[in-house]
Amino acid sequence: MSEWIEIGDLEDVPRRGARCVGVPGLRLAVFRTQQDQVFAIENRCPHRGGPLSEGIVHGASVTCPLHNWAFDLETGRAQGADAGEVRTFAVRIVAGRIQLALGELMRVAAE
Amino acid sequence: MKEKLVIIGNGMAPGRMLERLFETDPDRYQVVIFNAEPRVNYDRIMLSPVLSGEKQFEDIIIHGDAWYIEHGITLYKGCKVERIDRETRTVHSVNGISETYDRLVIATGSVPFIIPVPGKDLAGVVTYRDLDDVHAMMLAAKSRGRAVVIGGGLLGLEAAAGLNDQGMDVTVVHIMPTLMERQLDAAAGYLLAEAVKARGIKLMTSANTRQIVGETRVTGVELADGTILPADMVVMAVGIRPNAALARDAGLAVNRGIVVDAQMRTSDPAIYALGECVEVEGQVFGLVAPLYDMAGILAAGLLGEPAEFVPVATATRLKVTGINLYSAGDFAEGEDREEIVLRDATAGVYKRLVLEHDRIVGAVLYGDTGDGAWYFDMLRKGTDTRPFRDTVIFGQAYQGGTPLDPMAAVAALPDDAEICGCNGVCKGKITGAIAGKALSSLDAVRAHTKASASCGSCTHLVEQLLHLTLGDRYNPAAVQPICPCTGYGHDDVRRLIIAKALKSIPAIMQELEWRTSCGCAKCRPALNYYLLADWPGEYVDDSQSRFINERVHANIQKDGTYSVVPRMWGGVTSPRELRAIADVADRFAIPAIKVTGGQRIDLLGVKKQDLPAVWADLNAAGMVSGAAYAKGLRTVKTCVGSDWCRFGTQDSTGFGIRLERFMWGSWTPAKVKLAVSGCPRNCAEATCKDIGVICVESGYDIHFAGAAGLEIRGTELLCHAGSEDEAFEIVVALTQLYREQGRYLERIYKWAKRVGTGSIRAAVVEDRERRRHYFDRFAFSQRFAQIDPWQERVNGRDAHEFAALAEFGPPVAAQ
Ligand code: SRM
Ligand SMILES: Cc1cc2nc3c(=O)[nH]c(=O)nc-3n(C[C@H](O)[C@H](O)[C@H](O)COP(=O)(O)OP(=O)(O)OC[C@H]3O[C@@H](n4cnc5c(N)ncnc54)[C@H](O)[C@@H]3O)c2cc1C
Ligand code: SF4
Ligand code: FES
């Protein structure tokens with residue numbers, strides 16, 4: 001069974017927005033959509049490393065602020081004509097609190 | 001390490017080659033391009049519509065700057081290569097830049113042929129090859145003088161038609177009895193000559209040029225029979241020669257062009273060549289279709305999958321609006337050749353097919369070119385025409401007794417019939433993309449298939465295919481929608497926002513039936529601006545619909561840090577401000593301080609979490625955000641004016657500061673930059689700004705619609721104002737008119753071009769009352785806009801932007 005770690009309140013992340021989460025060795029961001037879905041992905045665009053947390057969130061996608069690649073938050077895959085992928089992480093909401101799977105985070109951070 | 005691919009020449013052929021290369025393997029090569037022309041890759045074929053004024057340069061760009069950035073290409077613009085050193089594998093340019101290569105591609109195109117007559121070097125003699133030539137012609141055309149075009153081929157006629165459209169008095173001098181004799185037979189040549197003359201262009205056929213006359217500038221052209229044609233400009237359009245000098249000097253095999261094999265390899269295994277500069281099996285090329293084939297072959301070769309180039313027949317169309325002319329293949333008469341001709345004098349139609357052993361080898365169509373693709377398809381396939389020999393000349397619609405339906409010809413084409421010759425796109429690929437990718441506009445088809453994206457002469461065929469595939473769902477007159485989330489264009493949305501009193505993004509999306517749940521990165525910022533501009537004081541800005549820079553009021557940099565630019569009113573500063581800037585840079589270890597091109601200071605490399613504290617210090621010294629990130633008022637540049645300058649006529653500094661103090665904080669469709677110069681010497685560069693004022697003894701000349709970025713454009717004079725107050729009111733009213741009419745991201749110069757200077761002048765110059773209304777509306781909206789966004793954030797607004805949601809130190813993660 002994986003262990004979950006709480007990182008904050010759902011309300012701390014703006015709708016159609018994102019917040020960064022500091023984990024040593026990893027750039028991570030948590031996104032919240034208009035419909036209150038939550039996703040966690042690596043905060044690093046595969047194109048030129050743009051901070052995806054700063055992009056515009058639409059539907060379950062985000063558009064990178066540096067050169068406008070758009071990513072599906074669920075799969076991490078680039079949309080349209082661009083090819084690339086960001087790593088996604090398991091995340092869940094329990095009683096309005098956002099939780100990340102700790103084991104997975106530690107494994108990736110240690111890579 | 002990636003292999004390094006250096007390309008000399010940035011024309012259509014290598015551009016296509018790179019597209020093919022990147023489609024398969026974007027990371028294989030590090031690409032460096034040298035281009036003698038100081039610009040990106042554009043559609044050379046479309047220079048004639050630019051010359052005639054039907055298109056702008058930006059409409060014909062193939063790869064914008066962003067494309068090069070995206071693919072990590074180094075493009076040296078205006079950088080002509082003068083030498084290739086094959087031993088050290090290095091190319092050297094005239095401006096001293098050198099690059100080594102692993103593989104080299106030469107794509108230097110052609111040079112116009114200049115007939116060696118006396119006077120050929122006089123000022124006013126131009127060729128027709130690139131944008132500079134077009135600009136030179138357009139400039140000359142401004143004087144509405146006389147032009148002589150030497151050469152009655154495709155290029156010469158397009159130049160003549162363009163110059164005629166620009167208002168010049170044009171004569172075409174052609175050495176042969178028939179125009180375009182290489183593509184046309186005498187009958188079609190005659191019809192063409194009549195059509196050309198009907199436009200007011202004079203024609204001299206069988207005319208040989210003896211010399212060009214003039215002292216320092218051209219004054220005329222003297223023909224072999226002694227006739228002198230007066231001229232202020234002479235365009236030489238007599239043909240092209242492969243541009244092979246560079247390759248020859250490097251010791252590569254060169255005949256007429258650079259000799260390459262079917263895989264585009266020159267005599268040096270590390271060097272390839274393609275485009276108009278090459279010669280394959282003794283043939284040279286002057287149309288893009290075969291060059292694009294070469295591009296595919298070379299890309300495959302560079303990817304290690306060799307293919308072979310086979311030259312095929314090409315078709316030609318004359319791109320002069322109103323003249324329909326199509327020619328393909330070979331139509332010389334011969335022993336075993338027969339021809340079928342159809343003439344309809346009243347309709348001005350002429351069609352001729354040349355057959356050899358019952359197969360079409362040549363086709364000339366004048367007046368009605370609708371069947372060109374059908375004939376060309378049969379020509380390429382060698383179709384036996386015996387079964388329908390009697391009716392073939394009437395066109396495809398007549399075959400099999402089908403009724404005359406304008407769509408029938410296209411409908412009956414087989415799927416593998418070529419529609420777009422330039423890009424080698426067949427019918428099946430287009431209809432497949434329309435159906436498979438749910439395309440509904442010409443632009444979408446162009447983007448996905450490239451069909452009709454080059455010379456555009458197959459546009460009507462592509463439109464017919466859209467119509468055939470989509471039926472009534474295809475609406476050719478449809479305006480360009482804002483983005484795929486909606487069918488409405490910007491202007492419709494703006495109108496409906498007012499008409500239906502829509503006051504929020506969700507309201508717009510609901511009422512106007514947006515197709516996505518919450519829009520996209522393209523429509524949301526536009527809607528947010530429209531609402532802000534249309535409902536001042538009522539609409540609450542939606543920060544999540546703003547691009548990051550406007551959301552956090554600083555400019556994001558490539559490494560994710562930010563830059564901070566405080567306002568420096570009219571470019572004037574003080575020891576106190578400078579000290580505060582120096583102190584804040586020290587305190588936060590800001591790595592770079594730069595004077596901007598906008599008369600103020602940029603602090604670069606600020607960490608996001610430090611932004612509020614940096615702003616607090618700047619606020620404390622009285623400075624506010626310079627909005628260097630905003631689609632809003634940016635800078636107001638000034639010169640020292642009458643305060644100090646011995647030529648200053650008015651207080652340009654004071655007036656600039658007055659404008660900036662009144663207008664700062666306003667949001668606009670795209671950025672707005674102003675300048676005020678104290679006299680016509682114009683040291684504040686007011687004549688390339690969105691709005692520029694030039695002070696003169698009698699008052700203020702108000703200019704607008706300039707640009708100096710992606711595009712360079714001198715301003716237009718809007719009007720003269722007698723007093724500073726009047727000038728002030730006009731500048732503000734003009735800005736408000738733009739705020740209400742501009743489409744999101746449309747700079748003032750584009751808006752002005754779209755709506756016309758006349759309508760703008762009528763609204764803010766001629767009608768005092770309307771001007772006052774616009775002024776008042778601007779002033780009202782400023783009540784809600786002039787709140788320093790930095791100060792708001794220093795006071796805690798949007799704090800979540802500047803801190804992480806959670807931080808895990810190493811011990812937590814290592815638990
Ligand atoms: C800082 C500065 C360069 C400098 O070091 O001098 C600059 C920096 C940028 N310019 Fe600029 N421009 C700067 C003066 C200019 C000027 C000159 C001027 O204003 O007199 C021009 C040409 C004039 C004009 O606007 O027509 C200019 C034309 C552009 C353009 C082309 C705009 C166009 O429509 O043609 C862009 C791209 C865009 O806006 O899409 C651009 C975009 C940018 C961006 C915002 C690129 C970006 O999207 O990140 C750069 C931000 C860097 C930063 O974070 O500070 N910058 N830029 C100048 C800031 C002036 C200021 O004080 O605010
Ligand atoms: C007005 C006009 C209308 C045309 N209409 C048609 C048409 O309707 N249909 C059609 O099929 N074709 C048409 N063409 C022809 C077509 O444009 C060319 O076949 C095509 O552009 C050639 O492509 P290219 O890449 O070989 O060379 P180009 O596009 O000519 O590019 C060569 C580039 O190399 C650069 N260069 C040269 N030497 C150096 C050097 N030493 N160092 C660095 N850079 C260098 C040049 O500045 C140039 O930008 C037309 C051409 C013109 C001029
Ligand atoms: S500052 Fe302007 S010109 Fe310089 S790199 Fe950035 S956008 Fe280009
Ligand atoms: S870094 Fe994200 S699109 Fe370029």
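Within the model, atoms CD of Gln37(A) and CD1 of Ile93(A) stand 10.5 Å from one another, a figure rounded to the nearest 0.5 Å.
Both the backbone and the side chain of Ile7(A) come within less than 4.5 Å of a heavy atom in chain B. Only the side chain of Val13(A) comes within contact range of chain B, with at least one heavy atom under 4.5 Å from a heavy atom of that chain. Contact of Ser543(B) with chain A is not made at all, since no heavy-atom distance falls under 4.5 Å. Proximity to chain A is limited to the side chain of Pro525(B), based on heavy atoms less than 4.5 angstrom apart.
Checked against ring pair (Phe, Tyr, Trp, His ring centres under 6.0 Å), Phe89(A) has no partners two or more places apart in sequence or in another chain. When the salt bridge (Lys or Arg N to Asp or Glu O under 4.0 Å) test is applied to Glu74(A), no partner is found at least two apart in sequence or on another chain.
Most heavy-atom pairs under 4.5 Å with chain A: of the set Lys522(B), Glu801(B), Lys608(B), this distinction falls to Lys608(B). Here Ala806(B) is the residue among Gly72(B), Ala803(B), Ala806(B) with the most heavy-atom pairs under 4.5 Å with chain A. Between chain B and the residues Gly17(A), Gly8(A), Pro65(A), the largest count of heavy-atom pairs under 4.5 Å involves Pro65(A).
Identified by a heavy-atom distance below 4.5 Å to chain B, the contributing residues of residues 47-57 of chain A are His47(A), Arg48(A), Pro51(A), Ser53(A), Glu54(A), Gly55(A), Ile56(A), Val57(A), in residue-number order.
Between His490(B) and Tyr530(B), the ring-plane angle classifies as perpendicular under the 30° and 60° cut-offs.
Heavy atoms only, all atoms of each residue included: Val38(A) and Val91(A) are closest at O-CG1, 3.4 Å.
Ion pairing between Arg77(A) and Asp72(A) fails under the 4.0 Å rule for side-chain N and carboxylate O. Between Arg546(B) and Asp541(B) a salt bridge is recorded (basic side-chain N to carboxylate O distance below 4.0 Å).
Applying the salt bridge (charged side-chain N to carboxylate O under 4.0 Å, His left out) test to residues at least two apart or on different chains, the pairs with a partner in residues 13-25 of chain A are Arg15(A)-Asp36(A), Arg16(A)-Asp542(B).
There is no side-chain donor-acceptor pair under 3.5 Å between Tyr562(B) and Asp610(B).
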